[in-house]
Amino acid sequence: MRRHPRRGEAGRQVTAPSQRGAEIGRRIGVGLMYGLWKPRVLGSWKVPATGPVILAVNHSHNIDGPMVIGVAPRASHFLVKKEAFVGPLGPFMRAVGQVEVDRATADRTAVTSALGVLKDGGVLGIFPEGSRGEGDFAALRAGLAYFAVRSGAPIVPVAVLGSAEKSGRLIKALPPLRSRVDVVFGDPFDAGDGSGRRTRKALDEATERIQKQLAAHLDDARRLTGR
């Protein structure tokens, strides 16, 4: 798909992340995730086959993003903190269509890139909790609501379970090799109230609706998987 220039910080042109690169990243993720662990994927058919969609993923371990990239049925572009774009990993992540974001500022370049993904009918991955933690969707930032209301894209909740249960023997920072990680996709839903409003109040209300939906999905995923 053609990459479209848009305006970001200080009017600078921003090129939408590469869809082709994201597909290459998905194929690499398939090999790595299924080669190193044993993903059990449930409900992936619920992800719309075409059109813009937002994957809202809980975040308790660093492999959660790569795991979803590898098991999702469509190529995805994740918003990733700029601190992860270090050394040779930075150019690689950009090449496979991931979006660098500065969490300390209102990063207009990242926002423009993310909206570009959705405008082009792509899949945007977001960790709505903002950073790695308990992975329980207990506290959400407003960014997810903004992207959902602004673009009109449906949200698909995604629960990654088992990635943070144990540390590996060989590499402590990773789950044990060949251990099972469950990835449960939920039913898509709309964050807005149908009015199209993007006021602060509307975004606050949307964030509250999203939090309830995501928490309910996580509860269902835990019951379904026994985790």
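As the structure is a computational prediction, the values presented were derived from the model and not from experiment.
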Exercise for the section: Any chance you could lay out the side-chain contact (heavy atoms from CB on, under 4.5 Å) test for Lys81 and Glu100, step after step, and finish with the verdict? Expected result: CA-CA 6 Å; Lys81 62 182 181 180; Glu100 180 178 3; over 6 Å; no
Problem - Trace of the side-chain contact (heavy atoms from CB on, under 4.5 Å) decision for Ile155 with Val53 - result: CA-CA 6 Å; Ile155 296 172; Val53 63; over 6 Å; no
Practice task
Carefully, step by step, assess Leu32 and Trp37 under the rule side-chain contact (heavy atoms from CB on, under 4.5 Å).
Solution key: CA-CA 8 Å; Leu32 287 176; Trp37 294 284; over 6 Å; no
Practice task
Starting from the C-alpha separation in whole Å, work towards a yes-or-no answer on side-chain contact (heavy atoms from CB on, under 4.5 Å) for Arg40 and Val181.
Solution key: CA-CA 6 Å; Arg40 180 172 63 168; Val181 178; over 6 Å; no
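Under a 3.5 Å cut-off, the side chain of His77 and the backbone N or O of Leu124 do not form any donor-acceptor pair. Thr225 places a side-chain N or O within 3.5 Å of a backbone atom of Ala221 that can act as its donor or acceptor partner. Checked by atom type and distance alone, the side chain of Asp64 pairs as donor or acceptor with a backbone atom of Ser60 at under 3.5 Å. Side chain of Asp102 to backbone of Asp107: no donor-acceptor contact under 3.5 angstrom is found. In terms of modelled atom types and a separation under 3.5 Å, the side chain of His59 and the main chain of His61 share a donor-acceptor contact.
Counting heavy atoms of neighbouring residues, nucleotides and ligands inside a 6.0 Å radius, atom CZ of Arg200 does not exceed 12 of them.
Taking hydrophobic clusters as Ile, Leu, Val, Met, Phe, Trp and Tyr residues chained together by side-chain heavy-atom distances below 4.5 Å, Val47 does not share a cluster with Trp45. Linking Ile, Leu, Val, Met, Phe, Trp and Tyr whenever their side-chain heavy atoms come within less than 4.5 Å puts Leu89 and Leu174 in one cluster.
The nearest pair of heavy atoms linking Pro154 to Pro188 is CB-CB, 4.2 Å. When every heavy atom of Phe147 is checked against every heavy atom of Ala114, the shortest pair comes out as CE2-CB, 3.6 Å. Residues Val99 and Ser113 approach most closely at CG1-CB, 3.9 Å, considering heavy atoms. For the residue pair Val41 and Tyr34, the shortest heavy atom distance occurs at CG2-OH, 3.5 Å. Scanning all heavy atoms of the two residues, the minimum distance from Val30 to Gly70 falls at CG2-O, 3.0 Å. Nearest heavy-atom pair across Leu118 and Gly122 is CD2-O, 3.9 Å.
The side chain to side chain donor-acceptor pair (under 3.5 Å) pairs that include a residue from residues 144-162 are Tyr146-Arg150, where partners are two or more places apart or lie in different chains.
Here the side chains of Gln98 and Val96 are in contact, with some heavy-atom distance below 4.5 Å. Using a 4.5 Å heavy-atom cutoff, the side chains of Val183 and Met67 are in contact. Between Val101 and Val80 the shortest side-chain heavy-atom distance does not fall below 4.5 Å. When side chains are defined from C-beta on, Val57 does not count as touching Pro157, because their heavy atoms never get closer than 4.5 Å. Side-chain contact check for Leu55 versus Val68: some heavy-atom pair is nearer than 4.5 Å. Side-chain contact check for Arg26 versus Glu23: some heavy-atom pair is nearer than 4.5 Å. Counting only heavy atoms from C-beta outward, the side chains of Leu161 and Leu218 approach each other to under 4.5 Å. Looking only at side-chain heavy atoms (C-beta outward), Ile54 and Val156 stay at 4.5 Å or farther from each other.
Other cluster members for Leu42: Val184, Leu224, joined by side-chain heavy-atom distances under 4.5 Å among Ile, Leu, Val, Met, Phe, Trp and Tyr.
For the salt bridge (charged side-chain N to carboxylate O under 4.0 Å, His left out) test, residues two or more places apart in sequence or in another chain that qualify with Glu208 are Lys212. Considering only residues two or more places apart in sequence or on other chains, Lys46 meets the salt bridge (charged side-chain N to carboxylate O under 4.0 Å, His left out) condition with Asp187. In this structure Arg180 satisfies the salt bridge (charged side-chain N to carboxylate O under 4.0 Å, His left out) test together with Asp182, sequence neighbours excluded. Judged as a salt bridge (charged side-chain N to carboxylate O under 4.0 Å, His left out), and not counting sequence neighbours, Arg209 has no contacts.
Atom CD1 in Ile126 sits 5.0 Å away from atom CG in Leu144 (nearest 0.5 Å). Atom CZ in Arg74 sits 12.5 Å away from atom OG in Ser44 (nearest 0.5 Å). Rounding to the nearest 0.5 Å places CZ of Arg198 at 9.0 Å from CG of Leu203.
Ring planes of Phe78 and Phe127: tilted class, angle from 30 to 60°.
Here the rule is side chain to side chain donor-acceptor pair (under 3.5 Å) with Asp220, and of His217, Arg222, Arg223 only Arg223 fits it.
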